[in-house]
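Counting convention: from 1, in listed order, for ligands and their atoms alike. For this chain, numbers begin at 1 and follow the sequence in order.
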Amino acid sequence: MSATQRSQRNAFSALALDRAPALRSDATALELARDASTSLYVVMLPDSMLWATPTGTGLALVPPDRLAQEQRASSTLLGRDTDGHAYFLCTSDEDPRFPGQALGLRSLAANAPAFDAGLAAYASALAHWQLHSRYCPSCGATTMHDEAGHRARCTSCSLPQFPRTDPAVIVLVEHDEAALLGRRPGWPDGRFSTLAGFVEPGESLEDAVRREIAEESGAQVTACEYHSSQPWPFPSSLMLGFTAQAASRQLGNGDGELAELRWLTRRDLRDGLNSGTLSLPPRFSVAFQLIHDWLERGTA
Ligand SMILES: [Zn+2]
């Protein structure tokens with residue numbers, strides 16, 4: 001399986017949407033699209049909640065006539081699908097006049113079709129950035145969002161800001177037939193996942209893999225390979241999945257980010273999952289896919 005295929009399996013990835021960047025700066029076409037009866041709105045509520053269907057199995061996409069004119073006028077263009085629907089994001093302090101319920105992105109991702117989960121992730125990341133780009137990082141003045149919500153421009157010094165994404169590496173470390181998994185403080189007993197951390201300034205992805213693994217576990221990585229990527233808008237990460245080989249199973253003290261570290265063989269992990277003494281991160285995470293793919297690669 002190629003990295004492209006692996007990434008396509010990851011939740012929030014491979015969103016089948018034309019982001020239509022040319023439409024962002026076409027004021028006339030944008031106004032028409034915002035009011036078109038075929039257009040659909042993702043509604044973002046306070047505390048990063050999304051308006052979902054009454055059953056919670058997808059996004060409740062709200063037509064323009066259920067929204068106030070001001071909400072439409074300040075909405076963010078997300079893009080267009082192949083059926084000609086334009087998708088927008090609008091924020092609202094109260095529930096829209098449309099059947100549905102407020103749901104967090106994690107709950108939605110667990111049950112929604114891939115398109116809805118991807119659209120919700122994209123909308124959530126943009127909404128978070130808009131909320132945190134209201135002031136200019138250079139002079140502190142307020143900003144105005146233009147380009148249909150994709151750029152913030154300082155009202156005083158004109159400095160532009162664009163939506164940011166924070167890269168993080170997430171790594172399944174192997175030695176012979178065992179994988180190194182960790183448990184964070186606060187997680188239930190027996191819940192283990194791959195090790196992860198943010199890429200720092202001046203680092204390649206491979207440098208970040210070596211440093212993060214050494215910091216969190218003391219293990220020395222000798223080689224790593226890219227696996228797949230996943231948008232992870234909690235609130236603005238891009239997870240870059242890797243597999244890596246360790247020089248030995250020797251571990252150090254770590255930096256305290258993890259409560260527990262274990263080298264587990266496939267048999268250890270399968271037995272633990274079957275008996276309920278071990279559990280994994282949610283199926284929609286790249287961490288789950290990294291561990292799942294490693295389990296599938298061998299029987300020992
Ligand atoms: Zn400024």
Cation-aromatic face contact [X]/[Y], 6.0 Å, 45 degrees:
| X | Y | answer |
| --- | --- | --- |
| R106 | F234 | yes |
| R164 | W129 | no |
| R19 | Y122 | yes |

Legend entry - For S92, all residues meeting side-chain hydrogen bond (donor to acceptor under 3.5 Å, both in side chains), sequence neighbours excluded: Q71

Inset, instruction - Indicate whether any N or O donor in one side chain lies under 3.5 Å from an N or O acceptor in the other, for D207 and S204. - result: yes

Inset, instruction - Assess the side chains of S133 and H145: does a donor N or O sit below 3.5 Å from an acceptor N or O? - result: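 Side-chain D/A pair, S133 to H145: present.
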
Legend entry - Protein N/O/S atoms closer than 2.8 Å to the Zn ion (ligand 1):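 As for protein N, O or S atoms lying under 2.8 Å from the Zn ion (ligand 1), they are C136 SG, C139 SG, C154 SG, C157 SG.
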
